[in-house]
Participant: 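First the structure, which I've put down as structure tokens, then a few questions once you've had a look.
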Amino acid sequence: MNTATAPGPAAPAAPAASVTSVFVRLKLSLLRNGLRQSSGRRAAYVTSTVLVLLFAALQLIGLIALRGNAHATAVTVLLVAVLALGWAVMPLFFPSGDETLDPTRLVMLPLRPRPLVRALLVASLVGIGPLFTLCLLGGSVLAVAHGPAAYVTAVIATALALLVCVALARAVAAANIRLLTSRRGRDLAVLSGLVIAVGAQLVNFGAQRLGSAGGLAALEPAGDVLRWVPPASAIGAVHAVSEGSYGVAAVQLLLTGAALVGLLVLWSRSLTRLMTSPDGSTLQAAEPAARERASTGLSRLLPAGRTGTVMERSLRYVWRDPKTKAAWVTSLAVGLIVPVFNALQGTGSVYFACFAAGMLGIQMYNQFGQDTSAFWMVATTISSTRDAYVELRGRALALLVITLPYATLVTVATTALLGDWARLPEVLGLSFALLGAMLATGAWSSARFPYSIPQEGYKNVAPGQAGLAWISIFGGMVAAALLCAPVIALTIWLNVTADGDAWTWLLLPAGTVYGALITLLGLRLAAPRTARRLPEILTAVSKG
């Protein structure tokens, strides 16, 4: 008898892991591995998380305090509308802020768009941003919900509004990812500084106008419109249920649900296109590149020799390097917004115009760090104190090409808005003296406290060099203020003296001459230190 036994049934295969759970674990792994890179990054993440959660808690308490207020619905729908707008523009300004925003990393995986959309949507709910949004949405629905039916609707409305915000960000990112991951597309991030600066002043301006226009009642017209616009319509639905208008609430919830479905469909189509079509983001780059290589005539307008070469290089960095361009755009915007907006509100002073010179003077700090690892090419051309002096002088002159006319323009505009033309000469003199002091301290600080600026992401300081950055910028600004003390003292003396007003015009030539002399002195003092510390500077600026 054959005693061999027949093979038993095959062991059941292990069930395949859900795509959604895999992506959630992937998101958690990305967060965990990012925190393991350095203690500085962990500290920054923990600090930012605590601050965000603290702000969210304060907002939550404030929204709950609105409960029972006649204008609570208008406030909450406006808040949710602004929140959704923030989610929509976030991928445009911060394309590298979240690695999972880039679906082109997944093109080689055998994934269908529908499961991929579901997995990415759930994974997108992991993070500080969704938690912050959930707190604001929870506070908004609690502010307008009254009664058991409204609380049930509030749960549905909160979930729908959160999913709409996340899906909106994902759909925008997928539709524009080819642009955002290109060199020119990353320049869109330059607008972030401008938008933040303008937005902050607009919020401030609006808050003041709101206080003088009768309080929260001024928000009602906008609230009546936005309560029908998703995802703010979900908050409107909770209010409608509290008022007993169940039909209106159903329509508003349907609008939010329809917006979610539409965004998911748009997102799915964008993913399908990304997964199946070639990357054509550079197909038409040849002709523009050829035009860029052609001479722009800039070199013909600059001095001959090394000075002109350094100036042209610095100005090209301002125009082409995304990090340098972002810093300049932000400084230009804030330097104009602060004095002009304060003048428009009637609370400003003509001396606020000095803010423009101060903001642009900051660009002189960490000059070598702006070159990053490419500074080694500059370092090979510096063999003496004279070479270092000409290098620093060229960089300072390049900055003055932009700063002098800009500071003058802002000062004239602020003076015109306030109608205080008598103080124009002294404010211009103060601005030029401040600019000269910042150029002097910036040149010395660049040689003494250089630090690296990472090219990827949106950090402006390499890990471990934050202390150097603080000392370089804020220490230099304090020193610049002290250097301006003689001109400031002269200005005060002429304004408090009985017949001093007749001589305030002397502050313009005095401030100009003083600024020029202090700049030359700063460059002279910084040049030998730069020549001696070239190896240390090169090591410091190459760390990023």
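This one's a predicted model, so the numbers in the text were calculated from it and none came from an experiment.
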Participant: Return yes if some donor-acceptor pair links the side-chain N/O of Thr403 with the main-chain N/O of Leu399 below 3.5 Å, else return no.
Facilitator: yes
Participant: Check the pair Val141, Thr76 against side-chain contact (heavy atoms from CB on, under 4.5 Å), reporting the backbone distance first and the verdict last.
Facilitator: CA-CA 8 Å; Val141 295; Thr76 52; over 6 Å; no
Participant: Can you pull out every side-chain hydrogen bond (donor to acceptor under 3.5 Å, both in side chains) where at least one residue sits in residues 129-139? Sequence neighbours excluded, please.
Facilitator: Trp87-Thr133
Participant: Within this structure, what is the CE-OH distance for the pair Met438 and Tyr365, rounded to the nearest 0.5 Å?
Facilitator: 4.0 Å
Participant: Mind checking side chain to side chain contact (heavy atoms under 4.5 Å, CB included) for Val82 and listing every partner two or more places apart, or none if nothing turns up?
Facilitator: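 Listed in chain order: nothing, the list is empty.
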Participant: So, do Leu60 and Leu136 sit near enough that their side-chain heavy atoms are less than 4.5 Å apart?
Facilitator: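 In short, these two side chains do not touch, never coming nearer than 4.5 Å.
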Participant: According to the salt bridge (Lys or Arg N to Asp or Glu O under 4.0 Å) rule, which pairs have a member within residues 221-231, sequence neighbours left out?
Facilitator: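 As it turns out, the salt bridge (Lys or Arg N to Asp or Glu O under 4.0 Å) pairs with a partner in residues 221-231, which skip direct neighbours, are Asp224-Arg227.
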Participant: Write down the atom of Ala88, the atom of Val172, and the distance for their closest heavy-atom approach.
Facilitator: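 Closest approach of Ala88 to Val172, heavy atoms only: O-CG1, 3.5 Å.
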Participant: Residues in side-chain hydrogen bond (donor to acceptor under 3.5 Å, both in side chains) with Ser314, at least two apart?
Facilitator: none
Participant: How would you list, by chain and number, every residue that makes a side chain to side chain contact (heavy atoms under 4.5 Å, CB included) with Leu53, sequence neighbours excluded?
Facilitator: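 Partners of Leu53 under the side chain to side chain contact (heavy atoms under 4.5 Å, CB included) test: Thr49, Leu131.
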Participant: Quick one: side chain to side chain contact (heavy atoms under 4.5 Å, CB included) partners of Tyr406, sequence neighbours excluded?
Facilitator: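 Partners of Tyr406 under the side chain to side chain contact (heavy atoms under 4.5 Å, CB included) test: Leu332, Leu336, Ala356, Leu360, Val410.
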Participant: Could you tell me which residues satisfy side chain to side chain contact (heavy atoms under 4.5 Å, CB included) with Val52, sequence neighbours excluded, listed by chain and number?
Facilitator: Ile128, Phe132
Participant: Would you confirm whether Gln59, through its side chain, and Leu54, through its main-chain N or O, come within 3.5 Å as a donor-acceptor pair?
Facilitator: no
Participant: Hey, can you pull the donor-acceptor pairs under 3.5 Å for the side chains in residues 150-167, sequence neighbours left out?
Facilitator:
unit_1: Tyr151; atom_1: OH; unit_2: Arg67; atom_2: NH2; d: 2.8
unit_1: Thr153; atom_1: OG1; unit_2: Ala149; atom_2: O; d: 2.8
unit_1: Thr158; atom_1: OG1; unit_2: Ala154; atom_2: O; d: 2.8

Participant: Are any of the side-chain heavy atoms of Val378 and Arg313 separated by less than 4.5 Å?
Facilitator: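 Of all side-chain heavy-atom pairs linking Arg313 with Val378, at least one is under 4.5 Å.
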Participant: On a heavy-atom basis, which atom in Asn366 and which in Pro450 lie closest, and how many Å separate them?
Facilitator: OD1-CA, 3.7 Å
Participant: Just by modelled atom types, is the Ser124 backbone N or O under 3.5 Å from a matching donor or acceptor in the Lys27 side chain?
Facilitator: no
Participant: Could you pull out all residues at least two apart from Ser445 that satisfy side-chain hydrogen bond (donor to acceptor under 3.5 Å, both in side chains)?
Facilitator: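 With neighbours one apart ignored, the set is Ser472.
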Participant: Quick one: does any side-chain atom of Ser446 pair with a main-chain N or O of Met364 as donor and acceptor, under 3.5 Å?
Facilitator: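 Yes, Ser446 side chain to Met364 backbone: donor-acceptor pair under 3.5 Å.
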Participant: Got a sec, which residues hit salt bridge (Lys or Arg N to Asp or Glu O under 4.0 Å) with Arg395, two or more places apart in sequence or on another chain?
Facilitator: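 Once residues adjacent in sequence are excluded, the partners of Arg395 under the salt bridge (Lys or Arg N to Asp or Glu O under 4.0 Å) criterion are Asp371, Glu391.
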Participant: Would you check if Trp267 and Leu121 make a side-chain contact, meaning some heavy-atom pair closer than 4.5 Å?
Facilitator: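 A side-chain contact exists here, since the closest heavy-atom pair is under 4.5 Å.
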Participant: Do Leu264 and Arg118 have side-chain heavy atoms sitting under 4.5 Å apart?
Facilitator: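 They are not in side-chain contact.
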Participant: Can you tell me how far OG1 of Thr324 sits from CG of Leu315, rounded to the nearest 0.5 angstrom?
Facilitator: 11.5 Å
Participant: Cut-off 3.5 Å, no hydrogens considered: what does the side-chain donor-acceptor table look like for residues 231-245, sequence neighbours left out?
Facilitator:
unit_1: Ser233; atom_1: OG; unit_2: Gln252; atom_2: O; d: 3.4
unit_1: Ser233; atom_1: OG; unit_2: Thr256; atom_2: OG1; d: 2.6
unit_1: His239; atom_1: ND1; unit_2: Thr73; atom_2: OG1; d: 3.0
unit_1: Ser242; atom_1: OG; unit_2: Val144; atom_2: O; d: 3.0
unit_1: Ser242; atom_1: OG; unit_2: His146; atom_2: N; d: 2.9
unit_1: Ser242; atom_1: OG; unit_2: Val238; atom_2: O; d: 3.0

Participant: For residues Leu63 and Leu79, determine if any side-chain heavy atom of one lies less than 4.5 Å from a side-chain heavy atom of the other.
Facilitator: yes
Participant: Answer yes or no: is there a side-chain heavy-atom contact under 4.5 Å between Tyr317 and Gln370?
Facilitator: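 Heavy-atom side-chain distance check fails, nothing below 4.5 Å.
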Participant: Would you indicate whether the side-chain heavy atoms of Val251 and Trp228 approach each other to under 4.5 Å?
Facilitator: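 Touching, per the 4.5 Å side-chain cut-off.
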Participant: Can you measure from CG (Leu120) to OG (Ser268) and round to the nearest 0.5 angstrom?
Facilitator: 11.0 Å
Participant: Please list, chain by chain and in numerical order, all residues satisfying ring pair (Phe, Tyr, Trp, His ring centres under 6.0 Å) with Phe368, sequence neighbours excluded.
Facilitator: Phe375
